[in-house]
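Read through the structure below, which is laid out as structure tokens, and then see the notes.
All values below come from the heavy atoms of this structure, side chains included, with hydrogens, waters and symmetry mates left out.
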Amino acid sequence: MNTLKRMDPRRPFTVTAQGLKRITLGATGVAGAMEFNVPLAAHGEQPKPRRTTAVPQRVLLVAAHADRGALDDHARQTLAGAALIADANTEVVLLVFGEFTHDAAALGADKLIVLPMFERRTFAPLDELNALAACVAAYAPAHVFLPDNATGDGDLGRRYAAAANASVATHVVEIDAAHVAVYIRANTALAARPLPDVVLLAPDAVEAKLPFSGAGERVVWRFDGDAVASKSAVRDLGVDEIDAAQLALEEADFIVSAGNGVSDVPAFERLAATLGAAIGASRVAVDDGKFTRDKQIGATGKTVEASVYIAFGISGAVQHLQGIKDCRHVIAVNLDASAPIAKRANLTVIADARETIAALNEAVAAARSARGTGAALLNSTAVAEGVLA
Ligand SMILES: Cc1cc2nc3c(=O)[nH]c(=O)nc-3n(C[C@H](O)[C@H](O)[C@H](O)COP(=O)(O)OP(=O)(O)OC[C@H]3O[C@@H](n4cnc5c(N)ncnc54)[C@H](O)[C@@H]3O)c2cc1C
């Protein structure tokens with residue numbers, strides 16, 4: 001579990017169930033507390049109470065793309081933001097573009113609509129716009145919320161606001177039931193306005209952890225894709241696979257990284273090529289001349305945002321962790337269970353790096369010969385997770 005504290009020095013507050021949590025000179029205080037008649041459930045304790053069981057009279061709609069069946073942190077924060085400002089008579093409807101296999105109730109949604117045909121590799125902005133507009137027409141939400149990201153949702157929100165002639169606030173960093181605020185003047189001042197029709201929320205403005213759950217009812221929504229399919233001016237030419245080694249580390253979605261605990265560098269590089277992953281390294285590994293300086297990840301190296309980051313033989317010094325704070329799944333392979341990286345990692349494998357790398361190389365090679373090269377490459381993350389599990 002990620003226990004690393006992150007703080008953007010320019011944004012010393014987040015929206016939580018208790019209101020705005022402000023951080024002043026190391027102390028935390030609460031301003032403008034929101035009212036919830038539910039106790040804060042501790043981690044892993046009894047199920048959380050339902051936010052509301054009242055008959056809904058009003059809807060807040062949250063729309064977001066899923067990535068491999070799940071919502072990322074930013075999308076979950078956006079959903080939590082809507083759930084936190086919903087009153088007892090308001091239901092939160094979640095519209096997911098792409099497959100979604102997670103528990104929507106736990107994320108605060110009362111209703112869930114999944115449109116699996118819009119998977120992330122497909123570029124269909126106008127069809128997605130039509131789908132969102134159809135959902136708005138069906139539910140007449142008071143407000144529509146999307147994560148303001150560069151991976152589809154931010155664009156969709158802007159397109160929708162323009163098409164519907166709706167009021168919109170982008171890069172929203174502060175929100176409650178009455179207002180939103182955004183930074184102005186190079187982030188030195190906040191500008192506020194009443195809640196607009198469309199809210200595009202900045203990352204880390206809201207804490208995704210909720211003290212309650214939603215109803216989580218899955219709705220089979222008869223969205224007739226063909227009927228609304230646009231005579232699109234946009235043609236999807238598909239996704240071009242490129243060699244991960246050519247990719248800037250900052251853009252890589254899958255990174256294998258080597259530290260002082262990696263002795264067999266050629267085997268490690270072979271694994272990266274086999275998995276289709278970009279290569280990263282700790283400063284010690286770079287200082288030792290095992291990797292070039294541009295591979296260094298951390299405070300004095302690159303900051304990366306991979307979905308999967310596998311750290312082989314890296315202790316997890318604070319300077320290294322700084323560079324991987326935005327990675328989604330961190331897997332550590334280390335002989336030392338008490339290494340700091342284990343606190344940051346979602347999964348820690350207590351094992352020798354050389355043996356694990358060899359086992360992964362074998363497993364991927366076996367999968368490749370069994371399924372054919374392309375399939376093996378596409379499934380390499382799953383194979384890696386399978387071997388490590
Ligand atoms: C100002 C400053 C800036 C810095 N900037 C950066 C930066 O940008 N990036 C960065 O990475 N560091 C940076 N550092 C250095 C940082 O403090 C650490 O020294 C460095 O990250 C340690 O690298 P490491 O984890 O690879 O090596 P070590 O600290 O030596 O750790 C090696 C790890 O590998 C494990 N291990 C050993 N053998 C094996 C094996 N056979 N199999 C599996 N595991 C094994 C060990 O248990 C240990 O946890 C900076 C330091 C300073 C002072």
Side-chain angles (χ1 to χ4, degrees), residues 15 34 50-66 71 75-98 100 104-105 107-118 124-148 152-170 172 175-180 193-201 206 210 212-230:
V15 178
M34 296 181 192
R50 277 268 295 279
R51 180 180 61 81
T52 179
T53 51
V55 179
Q57 289 161 8
R58 188 171 165 267
V59 167
L60 297 179
L61 176 66
V62 181
H65 285 78
L71 295 186
R76 285 191 282 118
Q77 291 161 6
T78 308
L79 177 57
L84 285 169
I85 64 174
D87 62 21
N89 295 315
T90 300
E91 76 175 345
V92 176
V93 177
L94 172 63
L95 172 66
V96 179
F97 292 90
F100 181 72
L107 302 179
D110 298 311
K111 280 205 169 81
L112 168 68
I113 301 163
V114 180
L115 301 178
M117 62 286 246
F118 293 115
L126 300 182
D127 294 342
E128 290 182 355
L129 173 62
N130 287 335
L132 177 57
C135 193
V136 171
Y139 284 92
H143 305 279
V144 180
F145 300 81
L146 297 102
D148 202 353
D153 301 311
D155 179 59
L156 177 60
R158 286 166 176 80
R159 280 176 193 274
Y160 172 72
N165 202 16
S167 56
V168 58
T170 62
V172 169
I175 184 167
D176 66 17
H179 88 287
V180 293
R193 59 152 291 158
L195 217 59
D197 300 328
V198 181
V199 177
L200 297 177
L201 204 71
V206 176
L210 294 172
F212 52 70
S213 68
E217 179 198 347
R218 197 165 177 128
V219 180
V220 182
W221 192 50
R222 306 232 167 269
F223 168 67
D224 186 353
D226 288 341
V228 296
S230 52

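Rounding to the nearest 0.5 Å gives a distance of 9.5 Å between CG of Leu95 and OH of Tyr139. Atom-to-atom distance recorded for Phe100:CZ and Leu94:CG is 6.0 Å, nearest 0.5 angstrom. Note that CG of Asp153 is 8.0 Å distant from OG1 of Thr78, once rounded to the nearest 0.5 Å. Rounding to the nearest 0.5 Å gives a distance of 12.5 Å between CD of Gln77 and CD1 of Ile175. With rounding to the nearest 0.5 angstrom, the CG atom of Asp127 is 11.0 Å from the CG atom of Leu115. Atom-to-atom distance recorded for Arg76:CZ and Leu107:CG is 6.5 Å, nearest 0.5 angstrom.
A donor-acceptor contact shorter than 3.5 Å is absent between the side chain of Arg159 and the backbone of Gly154. Counting only distance, with no hydrogens or angles, the side chain of Asp197 and the backbone of Ser167 share a donor-acceptor pair below 3.5 Å.
Contact of the Leu61 side chain with the Cys135 side chain is registered, since non-hydrogen atoms from C-beta on lie closer than 4.5 Å. For the pair Phe145/Leu201, no side-chain contact is recorded, criterion being any heavy-atom separation below 4.5 Å from C-beta on. Between Val92 and Arg51, the closest side-chain pair of non-hydrogen atoms falls below 4.5 Å. By the 4.5 Å heavy-atom criterion applied to side chains, Val198 and Leu146 are counted as neighbours. The shortest distance between side-chain heavy atoms of His179 and Pro194 does not fall below 4.5 Å. Between Val93 and Trp221 there is no side-chain heavy-atom pair separated by less than 4.5 Å. In this structure, the side chains of Pro125 and Leu156 stay at 4.5 Å or more apart for every pair of heavy atoms. Taking the side chain as every heavy atom from C-beta outward, Val180 and Arg193 approach each other to under 4.5 Å.
For the ring-ring contact (aromatic ring centres under 6.0 Å, His included) test, no residue two or more places apart in sequence or in another chain qualifies with His143. Scanning for salt bridge (Lys or Arg N to Asp or Glu O under 4.0 Å) contacts around Arg158 gives Asp148, with sequence neighbours left out. Scored by the ring-ring contact (aromatic ring centres under 6.0 Å, His included) test, Phe97 finds His65, Phe118 as partners (sequence neighbours excluded).
Shortest non-hydrogen contact noted between Asp176 and Leu195 is O-CD1, 3.5 Å. For the residue pair Val114 and Pro116, the shortest heavy atom distance occurs at O-CD, 3.2 Å. Residues Gly157 and Leu200 come closest through the heavy atom pair CA-CD2, 3.9 Å. Here the closest heavy-atom approach between residue Leu71 and residue Ala64 is recorded as CD2-CB, 4.3 Å. In terms of heavy atoms, Gly108 sits closest to Leu210 at CA-CD1, 3.7 Å. Across every non-hydrogen atom of Gly214 and Arg50, the tightest pair is O-CD, 3.4 Å.
Under the side-chain contact (heavy atoms from CB on, under 4.5 Å) test applied with Pro141, the options Val62, Val136, Thr90 reduce to a single match, Val136.
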